[in-house]
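See structure below.
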Amino acid sequence: MNPSTASNVYAFDKRLLARMAGALGDDKTIGRIALDLGHVFSERLPDLLKQETGHDIAIGYAGFKMGLRNELIAELGEAALLSDVTLRNWCADFQIGCDSPVLITLVEALLGAEPTDIEEPLPRALSKIEIDVAVPVFEGIAEVVRMAVNAPGSFEPVVARPHNGAERLPPDPALEDIYAASIDMTCGLGPVLSTFSVIVPQSVLLKTQIVPPRSAGQNDSMKTDWSEQLEEQIRRSAVTLEARIQLESLTLDTISRLQPGDVIPFHDGQDVRVEVNANGRDLYVCEFGRSGARYTVRIKDTHGSEEDILRHIMS
C-alpha cells in the first residue's frame, strides 16, 4: 500500500454500521416500541400487584433512553437493584433494574405497615433478606415482558438473582458494547415513587412486535400468588443468630493477665440468662443448657410479637 492509498483509508462509522446491521434504530421507531411495552406494563402490573399483595401500586410509563448498554446500566446508580435476564427465542441477555426505595417500602407493607405511614426511605443497598423479597418482583416484571413480546415456544424467562448496583462486576473491556434502549416505568406505593427499567438491545427491539394487553377476564387466569411467594421468601430467608451471656465482672488488671485455660464464671448463679439477637436486634430471652454433647439455649420469653420480630430482623 503506497502513502497515497493509505491516506484514503478511513475508520467505518460505528453508528452507521450498527444501523445498517439492524442494531441501531431511530428515536421514533424505538420510542413507539417502548411506548407499546410501557402500555402493557401499565395495564398488567397494577391489577396483578393489587390482587396478590393487597396494595395499590401505581405503574406508569416514564419514557425511554437510548445509548450504549453499559452506560445505560451505569446510569441506574449503585443504589438500584439489578438482574440479568434471558428469554429464549427473544433475547439472550437483557437487564431489569429497580430503585431501592419502593422495594424497601414494599417489604415494610408486607410486614403489616400502612404504606401511607411509611416514611420515604433513602436509596441504599439492599440487605440479603430484602433481595430475597425482591426476587418474585423481578420475576413478575420479566413475566410481563414475556407476555408482551410473545416469544415463540412460550419459554419462561430465566431471571438471575438480583444484586446491588455497587456489587455489579465491571464490563469486560474485551467485549464491544452494544446499542440498547432503557424502557423506564414509575412505580408508586404510598408516598414513595420510584422507577424500574428494562434495558434491551436495540437489535432485539427492532424485531419485536408488542402484543397488546388482553381483556380483564383473560388477565385473571395469568396471575400468580405473589403475596404467598413474597411471604415465603421472607420466612425462608436464613438469619444468623447470636447468643450473649453476661460474665462476672473482672478488673482490667485481671483481664490483662488472663491466659489460655483460665476460667471466667457466668454472672448468674442458677438459671443462666442468655440474650439472643439477629442483626443487632434482641429477639429472645433464653436460659443456658446442654443437650448431649452440645450446648443449647431454651427460649423463655420474646421481645414482641411474631410481626415485631420480623420487622426487627428486616430493619
Side-chain angles (χ1 to χ4, degrees), residues 18-52 57-69 72-73 75-76 80 82-99 102 136-160 178-188 194-224 226:
R19 194 176 297 276
M20 292 173 60
L24 176 62
D26 57 80
D27 289 357
K28 182 178 180 180
T29 302
I30 297 296
R32 175 184 55 78
I33 299 171
L35 180 60
D36 289 344
L37 182 56
H39 178 59
V40 176
F41 275 117
S42 299
E43 288 293 318
R44 291 193 182 278
L45 273 183
D47 184 59
L48 172 66
L49 296 176
K50 173 64 177 179
Q51 292 289 332
E52 304 301 341
I57 301 178
I59 304 294
Y61 179 60
F64 72 100
K65 295 187 290 288
M66 298 169 59
L68 294 173
R69 178 167 60 183
L72 292 173
I73 294 174
E75 287 178 9
L76 297 179
L82 300 168
S83 178
D84 296 296
V85 189
T86 297
L87 179 55
R88 188 173 175 183
N89 289 344
W90 183 66
C91 183
D93 184 20
F94 67 100
Q95 287 69 40
I96 296 174
C98 186
D99 293 339
V102 73
V137 176
F138 276 67
E139 291 176 344
I141 294 173
E143 177 63 14
V144 173
V145 171
R146 184 193 70 80
M147 293 186 290
V149 302
N150 195 25
S154 300
F155 293 101
E156 295 296 323
V158 178
V159 183
I178 62 175
Y179 291 103
S182 174
I183 298 91
D184 302 327
M185 304 294 300
T186 59
C187 45
S194 293
T195 303
F196 74 81
S197 303
V198 181
I199 299 176
V200 185
Q202 291 188 37
S203 59
V204 173
L205 287 177
L206 291 170
K207 300 175 184 177
T208 298
Q209 183 68 41
I210 302 299
V211 180
R214 300 179 182 180
S215 65
Q218 291 171 306
N219 284 345
D220 290 341
S221 65
M222 306 183 78
K223 294 171 185 174
T224 58
W226 272 34

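Just so it is clear, the values below take in all heavy atoms, side chains as well, and ignore hydrogens, waters and symmetry mates.
Separating the CZ atom in Arg69 from the CD1 atom in Ile199 is a distance of 9.0 Å, to the nearest 0.5 Å. Separation of atoms CD1 (Ile141) and SG (Cys98) is listed at 5.5 Å; rounding is to 0.5 Å. If you take CG on Leu24 and CE on Met66, they are separated by 5.5 Å, rounding to the nearest 0.5 Å. Taken to the nearest 0.5 Å, the OG atom of Ser42 stands 9.5 Å off from the OH atom of Tyr61. Atoms OG and CG, on Ser182 and Leu76 in that order, are 6.0 Å from each other to the nearest 0.5 Å. With rounding to the nearest 0.5 Å, the separation of CD1 in Ile96 from CE in Met185 is 12.5 Å.
Counting heavy atoms from C-beta outward, Pro201 and Cys91 have side chains that approach closer than 4.5 Å. Looking at Thr208 and Leu37, their side chains never come closer than 4.5 Å, going by heavy atoms from C-beta outward. Side-chain contact check for Met147 versus Val40: every heavy-atom pair is 4.5 Å or farther apart. Two residues are said to be in side-chain contact when any heavy atoms from C-beta on lie closer than 4.5 Å; Phe155 and Thr86 fail this criterion. For the pair Val149/Ile210, a side-chain contact is recorded, criterion being any heavy-atom separation below 4.5 Å from C-beta on. In this structure the side chain of Val145 never reaches within 4.5 angstrom of the side chain of Pro157, judged on heavy atoms. Within the 4.5 Å cutoff, the side chain of Tyr179 has heavy atoms near those of the Leu68 side chain. Side-chain contact between Asp93 and Asp84: present, with at least one pair of heavy atoms (C-beta onward) separated by less than 4.5 Å.
Between the side chain of Asn89 and the backbone N or O of Ala151 there is no donor-acceptor pair closer than 3.5 Å. No side-chain donor-acceptor contact under 3.5 Å links Ser197 to the backbone of Gly97. When atom types are taken as modelled, the side chain of Ser203 and the backbone of Gly22 share no donor-acceptor pair closer than 3.5 angstrom.
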I would like to know whether Leu35 and Phe64 meet side chain to side chain contact (heavy atoms under 4.5 Å, CB included); could you show each step before the answer? CA-CA 8 Å; Leu35 180 60; Phe64 72 100; over 6 Å; no
Val204 and Phe94: CA distance, side-chain angles, deciding distance, side chain to side chain contact (heavy atoms under 4.5 Å, CB included) verdict: CA-CA 10 Å; Val204 173; Phe94 67 100; over 6 Å; no
Using the side chain to side chain contact (heavy atoms under 4.5 Å, CB included) rule, take Leu82 and Gln95 through it: C-alpha gap first, then chi angles, then the decisive distance, then the call. CA-CA 7 Å; Leu82 300 168; Gln95 287 69 40; 5.8 Å; no
Show, in sequence, the C-alpha distance, side-chain angles and deciding distance for Glu156 and Glu143, and conclude whether the side chain to side chain contact (heavy atoms under 4.5 Å, CB included) test is met. CA-CA 7 Å; Glu156 295 296 323; Glu143 177 63 14; 3.3 Å; yes
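The two atoms that bring Val85 and Ala142 nearest to each other are CG1-CB, 4.2 Å, heavy atoms only.
With Ile183 as reference, Leu205 is the one residue of Leu205, Asp36, Ile30, Ile33 to meet the side chain to side chain contact (heavy atoms under 4.5 Å, CB included) rule.
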